[in-house]
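Structure, as structure tokens:
We count ligands from 1, going down the list as the structure has it; atoms in each ligand are counted the same way. Each residue takes its place number in the sequence, starting with 1.
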Amino acid sequence: MRRIVLLGVLLLLIFASLAEARIKVSGKGYLMNFDPASIPDHLKVSYDIMSRKCVLCHTLERTVIAVQTGRAPITGQPFDRQAVKAYGIKMLNKSNSDMNRQEIKEIVMLLNYLVDENSR
Ligand code: HEC
């Protein structure tokens, strides 16, 4: 019995530390976004651009899930640093994307930071 309790406590501690490493998320469904409090000052501008530009065709839920799980939710492809850049360019090249290269650069910087934070 004591062993089981100890194991439970250990598992809880492991989960708690995993949860700690993750970037926090705010809102649900179409309101989902990374918690602004988790964004460092030097990336606030990127966060602002992403929150305005990456919601024109779909909500940020896709992007949040990709970062949190390490998998792009539709195709199931890995979502790592390399993928972040490729997806940035893919989204930029979509017709009516209403974004420019500089904005994609900012967003890629932010997503790289978030991917790194979540994989620590
Ligand atoms: C012009 C419309 C448009 C804009 C703007 C747009 N997306 Fe997308 N996005 C799509 C479409 C359409 C898909 C469906 C799958 C595909 O074509 O890749 C998609 C899919 C995705 C996926 C899932 C890909 C997969 O393989 O599962 C992610 C992540 C994503 N978008 C992130 C972003 C980010 C980040 C931005 C802002 C830089 C953005 N999107 C802006 C149209 C857009």
Side-chain angles (χ1 to χ4, degrees):
M1 181 66 194
R2 249 180 71 190
R3 273 212 182 136
I4 294 174
V5 172
L6 273 176
L7 192 71
V9 170
L10 196 71
L11 282 176
L12 254 174
L13 281 175
I14 292 171
F15 282 125
S17 63
L18 275 179
E20 202 52 47
R22 293 217 168 278
I23 293 287
K24 291 194 174 56
V25 171
S26 65
K28 285 211 166 76
Y30 70 96
L31 287 176
M32 191 185 274
N33 198 347
F34 301 101
D35 185 347
S38 310
I39 310 296
D41 280 350
H42 72 283
L43 289 170
K44 293 259 192 253
V45 171
S46 307
Y47 178 78
D48 184 51
I49 297 172
M50 182 187 73
S51 304
R52 282 185 290 111
K53 296 285 180 160
C54 297
V55 295
L56 295 182
C57 311
H58 53 76
T59 67
L60 272 173
E61 193 175 5
R62 258 177 216 182
T63 309
V64 171
I65 291 172
V67 170
Q68 300 294 78
T69 63
R71 294 252 156 213
I74 296 172
T75 55
Q77 293 296 308
F79 198 80
D80 50 18
R81 272 179 160 261
Q82 215 179 334
V84 164
K85 194 163 179 203
Y87 276 113
I89 293 166
K90 190 175 183 188
M91 298 301 143
L92 171 69
N93 287 337
K94 287 193 184 294
S95 52
N96 305 321
S97 73
D98 191 28
M99 290 183 269
N100 60 40
R101 289 198 160 271
Q102 185 53 38
E103 286 166 332
I104 285 293
K105 227 174 122 184
E106 293 282 345
I107 296 165
V108 165
M109 248 163 49
L110 170 64
L111 290 177
N112 276 337
Y113 167 81
L114 296 171
V115 164
D116 285 351
E117 281 299 298
N118 272 354
S119 59
R120 277 202 297 158

Distance filter under 4.0 Å to [X] heavy atoms, resulting ligand 1 atoms:
X	result
K53	5 (C)
T75	25 (C), 26 (O), 27 (O)
S95	1 (C)

Between atom [atom1] of [X] and atom [atom2] of [Y], what is the distance when rounded to the nearest 0.5 Å?
X	Y	atom1	atom2	value
R81	D116	CZ	CG	4.0 Å
Q77	Q82	CD	CD	11.5 Å
L111	C54	CG	SG	7.0 Å
M50	I107	CE	CD1	7.5 Å

Inset, instruction - Indicate, as side chain, backbone, both or neither, the part of D98 found under 4.0 angstrom from ligand 1 when only non-hydrogen atoms are considered. - result: neither
Inset, instruction - Select one of side chain, backbone, both or neither to describe which atoms of I107 lie under 4.0 Å from any atom of ligand 1, heavy atoms only. - result: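 For I107, the contact with ligand 1 is made by the side chain alone.
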Legend entry - Residues that D48 engages under salt bridge (charged side-chain N to carboxylate O under 4.0 Å, His left out), provided they are two or more places apart: R52
Legend entry - side-chain contact (heavy atoms from CB on, under 4.5 Å) evaluation trace for V67 with I23: CA-CA 9 Å; V67 170; I23 293 287; 5.7 Å; no
Check contact between [X] and ligand 1, using heavy atoms of the residue and a distance below 4.0 angstrom.
X	answer
I104	yes
G88	no
R71	no

Grab the two heavy atoms, one from [X] and one from [Y], that are nearest each other, plus how far apart they are.
X	Y	result
Y87	A72	OH-CB, 3.3 Å
I39	K44	O-NZ, 2.7 Å
S46	M109	OG-CE, 4.3 Å

Inset, instruction - Starting from atom 15 (C) of ligand 1, find the nearest protein heavy-atom neighbour and note its residue, name and distance. - result: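 The closest one turns out to be I74 CD1, 4.1 Å.
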Legend entry - side-chain contact (heavy atoms from CB on, under 4.5 Å) assessment of N118 paired with R22: CA-CA 5 Å; N118 272 354; R22 293 217 168 278; 3.5 Å; yes
Legend entry - For atom 8 (Fe) of ligand 1, every protein N/O/S atom that sits closer than 2.8 Å, waters excluded: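 H58 NE2, M91 SD, with waters left out.
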